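Structure first, commentary second.
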Amino acid sequence: MKYHVSRIFFAVSLGFVCLGVWSCTGKAKSAAGGHPGDNEQTVKDAVAGPYTEISMLCQGQRVPILMYHDVVKEDKDVYFDVTKQEFQDQMEWIAKEQITPISLDKLYRHLTTGEAVPDRSIVITFDDNYQGFHDYALPILESFKFPSAMFVHTKYVGDKHGKHPKMDWATLKELVKDPLVTIGSHTVTHPADITQIGPDEQTRELKDSKATLEKELGKSMDYLAYPDGKNDKVVQAKATECGYKMAFSMDNEPAEESPSIMCVGRYIQSRIEKAWEDREVALRGGALGIFRSKITDAPVVFVDGTFHGTKLALVEGGIPESMMSSTREGVLDFIHRSPGTVAGINGGFFAMAAIASTDNQMVGPCKTHDFGTFYPDKFPQIWDKLRNRPLVVWGPKEFAIVAFEPETENTDDAFKNFMPDYTDTFLAGVWLVHNGIPQTKEDMNLFGSKDIQDPRRRAFIGMDQDGHIVLGASTESATSKMVAEAAAAAGVREAVLLDSGFSTSLVYGEDVKASGHSTNLIPSRPVPHAILLRGTLDPRTSAQAVSTFTPKPDEPEPKAKHRRRRHKEPNDETPEDQSAIANPDTGTSSDDSKGNPPDPSDDHRSKA
């Protein structure tokens, strides 16, 4: 059993520290599917009406989708088919690994509303209406009670020619009655590339297939698989206009990481192990669950001390608000122009690293209390570098951390669906502590930048067990692993990395308690973004208070992508110059970061 400090109270006159205690038995489940504590708000409370895109509410889980074609008795002639025995072996593997196949209806509700699905979920789909599904796959699926989906191209229904005959309408009418089988559309003629045919022909392929299936089978056809996975935004829009709710590509990515509900990724069956590995990596390094908790206001206290061998300065309590500068400022300057705030720290990552720069463009989406305007990230070239990094969101009463998916978490509507009254958001560097457990170096490195383990002054924001906001910084050079271990030892429940190095600046009252430079007399680099605490300084805490907390003894380590950008005043024009973006691999706004972003990797694949 591990015990963590929930809040450090100073009784200066008595010379001791009172410690609250909280127990932890494992990693937290997401708010979508776990058991929230007293301070957490459930996803149900946060849903703000119908939402038809992939929602931030689903980002605590990862569900891979498998794509099959024909199932043959033996001697397959193409790699994307499987033999009956191969299919049997794969279904046995799924059962042995305690993986739970779910239906398309459940997947859709999960993606758009955050409805929880079993922790180890997967989806099984088939393309092209092959008779082998009925003859060989279906009996195996039924023996395991596994749901599946079949996508039908209507022109070829009943075509019995060749080695790969298609099911007829009579068979499909029996299948549609089976509660374990979902029928969807695969267009009319299966065009080689639907993006390359005329707009009227595109509409006919999508609309006529849906209408024919609904007429013959007497059931709404809500789901579509693009032939060979090929699609673009024009085709996606047409599919939506034709009445489809969800559509599938052949891009290799978990469902939650897909770019749109009309372009949900799938893995060809031969990559079943790769699909599951991608899921595991995402859950280890980025999608650790959706953390959301009520903010508990309290007088703002300061403590410094050595925790797990690393010197930290911590400020805790108050109500958080973020601020944006039209240029760059010191954290104390932000506090001076925001009456009622009493402490603060440098904020998220920004594009131009040079100390002399006045550019204020941020990395990732951003909204601040003072500007009140949502600024999306406008540089998709480096989104793969940012994927699955922690996005920090809060409103008047609650604080949340969720994995960032750039394509679907880059609009004001997406955030309002997640937290209707949100006021602040920004992208952090990496998740340091989750559920009181420090992340391992290996897990942080999965999605963190290349330099997060370089020794330097490091800053973070988080929350303790009682819902108090915690701002923290190392007062000596430290790796992210060292800071994570120290923060957990100090009783921080959740923590994410802020911009660090020369930017590090933690202020309590009028005093700089942690600086990015060698001494407090040398100011940290001015920054465009800061996080402040509104409230009152705890009268029991002097500006020079020193913790008498004794760090926990060392314990075994538990098992368990970033770049930069610009926001001016709301009426200012935001330049599109890509040269303004620093190296996306840089974990802090280092002084010599330069260069243009690389093109994003192309994971698209076609059948053959």
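These figures come from a predicted structure and were not determined experimentally.
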Exercise. So, Arg120 and Glu97, do they make that salt bridge, N to O below 4.0 Å?
Worked result: yes
Problem set entry | side-chain contact (heavy atoms from CB on, under 4.5 Å) partner of Pro320, the single match among Leu532, Ile295, Ile345, Leu471 | Ile295
Exercise. Donor-acceptor pair, Thr425 side chain versus Thr423 backbone, under 3.5 Å?
Worked result: no
Problem set entry | Check: His434 side chain, Leu288 main-chain N or O, donor-acceptor pair, under 3.5 Å | yes
Exercise. Between the main-chain N or O of Ala414 and the side-chain N or O of Thr411, is there a donor-acceptor pair closer than 3.5 Å?
Worked result: yes
For this session: Using atom types as modelled and distance alone, determine if a side-chain donor or acceptor of Asn410 lies under 3.5 Å from a backbone N or O of Pro376.
Result: no
Problem set entry | Pro396 versus Asp421, closest heavy-atom pair with distance | CD-O, 3.2 Å
Problem set entry | Worked check of side chain to side chain donor-acceptor pair (under 3.5 Å) between Ser260 and Glu53 | CA-CA 7 Å; Ser260 167; Glu53 252 303 345; 2.9 Å; yes
For this session: State whether Asp105 and Arg109 are salt-bridged, where the test is any N-O pair (Lys NZ or Arg NE/NH1/NH2 against Asp/Glu carboxylate O) under 4.0 Å.
Result: no
Problem set entry | Asp443/Arg284 ion pair, N-O < 4.0 Å | yes
Exercise. Would you call Glu407 and Trp383 a side-chain contact if the rule is heavy atoms closer than 4.5 Å?
Worked result: yes
For this session: Answer yes or no: is there an ion pair linking Glu257 with Arg62, defined by an N-O contact shorter than 4.0 Å?
Result: yes
Exercise. Which pair of heavy atoms, one from Leu391 and one from Pro365, lies closest together, and at what distance?
Worked result: CD1-CG, 4.0 Å
Exercise. Under the criterion salt bridge (charged side-chain N to carboxylate O under 4.0 Å, His left out), which of Asp127, Asp251, Asp228 is the partner of Arg266?
Worked result: Asp127
Exercise. Taking the six-membered ring of Phe418 as reference, does the NZ or CZ atom of Arg292 fall below 6.0 Å from its centre and within a 45° cone about the axis?
Worked result: yes
Exercise. How are the rings of Phe374 and Phe415 set relative to one another: parallel (under 30°), tilted (30 to 60°) or perpendicular (over 60°)?
Worked result: tilted
Exercise. Taking side chain as C-beta onward, heavy atoms only, is His110 less than 4.5 Å from Val63?
Worked result: yes
Exercise. Going by distance alone, is a donor N or O of one side chain under 3.5 Å from an acceptor N or O of the other, for Lys230 and Thr195?
Worked result: no
Exercise. Would a distance-only check, ignoring hydrogens and angles, find a side-chain to backbone donor-acceptor pair under 3.5 Å from Ser55 to Tyr51?
Worked result: no
Problem set entry | Salt-bridge present (Arg534, Glu321; N to O < 4.0 Å) | yes
Problem set entry | Test salt bridge (Lys or Arg N to Asp or Glu O under 4.0 Å) applied to Glu277 - qualifying residues, sequence neighbours left out | none
For this session: Please answer whether the main-chain N or O of Ile452 pairs with a side-chain N or O of Arg458 as donor and acceptor at a distance below 3.5 Å.
Result: yes
Problem set entry | Short side-chain donor-acceptor distance under 3.5 Å, Tyr68 and Thr125 | no
Problem set entry | Under 3.5 Å: donor-acceptor pair, side chain of Gln202, backbone of Lys238 | no
Exercise. Would you say the side-chain atoms of Tyr267 pair up with the backbone N or O of Met250, donor to acceptor, closer than 3.5 Å?
Worked result: no
For this session: Look only at the side chain of Asp464 and the backbone of Asp466, and say whether a donor-acceptor pair between them is shorter than 3.5 Å.
Result: yes
Exercise. What about Phe151 and Tyr223, are their ring centers closer than 6.0 Å?
Worked result: no
For this session: Taking the side chain as every heavy atom from C-beta outward, state whether Ser209 and His186 have any atom pair closer than 4.5 Å.
Result: no
Exercise. Looking at Tyr422, is Lys367 sitting on its ring face, NZ or CZ under 6.0 Å from the six-membered ring centre and within 45 degrees of the normal?
Worked result: yes
Exercise. Between the side chain of Glu214 and the main-chain N/O of Met221, is any donor-acceptor distance below 3.5 Å?
Worked result: yes
Exercise. Between Thr368 and Ser322, does any side-chain donor sit less than 3.5 Å from a side-chain acceptor?
Worked result: no
